Amino acid sequence: MNPVMTIVMNNHQEIKIELFYEHAPNSISGLMEAIEHHAFDKMPIERVVPGFVLQPWCDETTKGEFYQYVCDGEFHDERHKFDAYCVGLAGDGDKISVPSCFFITLSDHVAHLNQKFAMIGKVISGFEEIRRIEHSQLIDVPCEEENVVIKRPKDDEIIETVKIEYHDCQPQPVKKYLA
């Protein structure tokens with residue numbers, strides 16, 4: 001049985017994600033390490049693009065070194081395509097993944113993410129909570145990148161904690177380096 005990640009929001013609603021360890025063992029081991037270090041506790045959902053992604057976010061420059069490491073991207077072939085409610089890791093879209101920064105896709109129109117970001121799992125429950133956040137009142141966030149629109153919920157949406165059920169999975173030591 002694959003490991004399951006449970007995101008507990010501050011309203012006590014849960015989002016459960018099955019992690020596909022065999023597809024991205026190093027990336028998921030890094031995510032598990034982040035969970036064990038409570039890296040996502042009290043983290044806000046800071047990026048919501050309706051019909052595209054929902055993403056917790058922290059300013060890693062104000063956090064410790066733990067949030068600033070990356071690993072080689074474990075990108076997949078056509079068997080592992082992003083579609084609605086997939087979970088991926090942020091990265092540069094070319095070579096690296098950031099295990100301390102994940103996102104959830106919100107539609108099937110995300111094919112441009114394939115083979116550019118590590119697809120690490122799929123939401124198995126909590127769809128109502130994801131849709132609630134996606135359709136909450138959003139406000140614009142200033143962004144320095146051209147043609148990039150970022151919105152965040154007007155009312156704070158905070159992750160209370162993230163838990164991991166390992167089941168039969170034994171995470172490996174993470175091969176990582178500072179960005």
Side-chain angles (χ1 to χ4, degrees), residues 1-49 52-71 73-74 80 82 84-91 96-106 110 113 117-136 150 152-153 155-176 179:
M1 181 175 208
N2 284 325
V4 174
M5 171 177 146
T6 302
I7 300 167
V8 182
M9 298 299 294
N10 63 347
N11 64 0
H12 308 291
Q13 296 299 308
E14 294 185 351
I15 300 166
K16 290 189 178 280
I17 298 162
E18 179 181 4
L19 299 173
F20 305 138
Y21 189 81
E22 68 281 358
H23 296 171
N26 192 57
S27 298
I28 292 174
S29 291
L31 178 72
M32 290 174 169
E33 182 179 85
I35 293 168
E36 289 171 357
H37 285 88
H38 304 280
F40 304 108
D41 291 4
K42 309 299 183 205
M43 188 177 283
I45 304 295
E46 283 289 324
R47 183 175 185 212
V48 178
V49 182
F52 180 48
V53 295
L54 177 151
Q55 186 174 20
W57 193 266
C58 72
D59 178 0
E60 64 274 357
T61 61
T62 64
K63 297 277 191 170
E65 186 177 286
F66 180 80
Y67 292 88
Q68 298 173 29
Y69 80 84
V70 297
C71 63
E74 293 173 287
H80 309 106
F82 279 97
Y85 302 109
C86 283
V87 178
L89 292 183
I96 63 168
S97 290
V98 182
S100 64
C101 189
F102 66 90
F103 60 87
I104 299 171
T105 59
L106 301 173
V110 291
L113 300 175
F117 296 91
M119 196 275 281
I120 61 167
K122 186 95 172 173
V123 174
I124 55 175
S125 70
F127 300 100
E128 304 82 17
E129 181 67 357
I130 292 169
R131 285 189 290 272
R132 183 191 68 76
I133 295 168
E134 177 184 13
H135 298 292
S136 65
I150 298 177
R152 72 172 179 78
D155 297 321
D156 290 341
E157 295 291 346
I158 307 293
I159 294 173
E160 186 68 29
T161 192
V162 177
K163 302 182 263 186
I164 188 80
E165 298 169 65
Y166 291 93
H167 298 289
D168 297 328
C169 178
Q170 295 296 320
Q172 64 188 23
V174 183
K175 297 172 190 160
K176 59 186 176 180

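We're numbering straight along the sequence, starting at 1. Predicted model, so just to flag it, every value in this text is computed and none were measured.
- Of the possible polar contacts, one joining the K122 side chain to the A84 backbone as a donor-acceptor pair under 3.5 Å is found.
- Minimum interatomic distance between P99 and G30 (heavy atoms only, all atoms of both residues): CB-C, 3.5 Å.
- Taking N26 as the reference, C71, E74, Q172, V174, K175 meet the side-chain contact (heavy atoms from CB on, under 4.5 Å) condition, with sequence neighbours excluded.
- Contact of the V162 side chain with the I7 side chain is registered, since non-hydrogen atoms from C-beta on lie closer than 4.5 Å.
- With values rounded to the nearest 0.5 angstrom, L106 atom CG is found 9.5 Å from I133 atom CD1.
- Between N2 and L19 the shortest side-chain heavy-atom distance does not fall below 4.5 Å.
- Note that OG of S97 and CZ of F102 are 14.0 Å apart. Values are rounded to the nearest 0.5 Å.
- Counting all heavy atoms, side chain and backbone alike, I124 lies closest to I17 at CG1-N, 4.2 Å.
- The line from OG of S125 to CD of E18 is 11.0 Å long, rounded to the nearest 0.5 Å.
- Salt-bridge check for E134 with R131: failed, with every basic side-chain N at 4.0 Å or more from each acidic carboxylate O.
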May I have the step-by-step check of side-chain contact (heavy atoms from CB on, under 4.5 Å) for K42 and E160, ending in yes or no? CA-CA 5 Å; K42 309 299 183 205; E160 186 68 29; 2.4 Å; yes
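- Residues R132 and E157 are in side-chain contact: their nearest non-hydrogen atoms beyond the backbone lie under 4.5 Å apart.
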Begin from the C-alpha positions of F40 and V8 and carry the test side-chain contact (heavy atoms from CB on, under 4.5 Å) through to its verdict. CA-CA 10 Å; F40 304 108; V8 182; over 6 Å; no
Does the pair E129 and E14 meet the rule for a side-chain contact (heavy atoms from CB on, under 4.5 Å), with working shown? CA-CA 7 Å; E129 181 67 357; E14 294 185 351; over 6 Å; no
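- For the residue pair N11 and Q13, the shortest heavy atom distance occurs at OD1-N, 3.0 Å.
- Separating the CD1 atom in I120 from the CE atom in M5 is a distance of 6.5 Å, to the nearest 0.5 Å.
- Atom CD of residue E46 and atom CG of residue L54 lie 11.0 Å apart, to the nearest 0.5 angstrom.
- A donor-acceptor pair is defined here as one N or O able to donate and one able to accept, closer than 3.5 Å; such a pair exists between the side chain of T105 and the backbone of Y85.
- In the displayed structure, Q170 atom CD is contacted under 6.0 Å by at most 12 heavy atoms of other residues, nucleotides or ligands.
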D41 and T161: side-chain contact (heavy atoms from CB on, under 4.5 Å), yes or no, with the steps? CA-CA 4 Å; D41 291 4; T161 192; 2.9 Å; yes
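- Ring centers of F82 and F117: at least 6.0 Å apart, outside the cut-off.
- When the options D155, D156, I150 are evaluated for a side-chain contact (heavy atoms from CB on, under 4.5 Å) with R152, the one that passes is D156.
- For the pair F52/L113, a side-chain contact is recorded, criterion being any heavy-atom separation below 4.5 Å from C-beta on.
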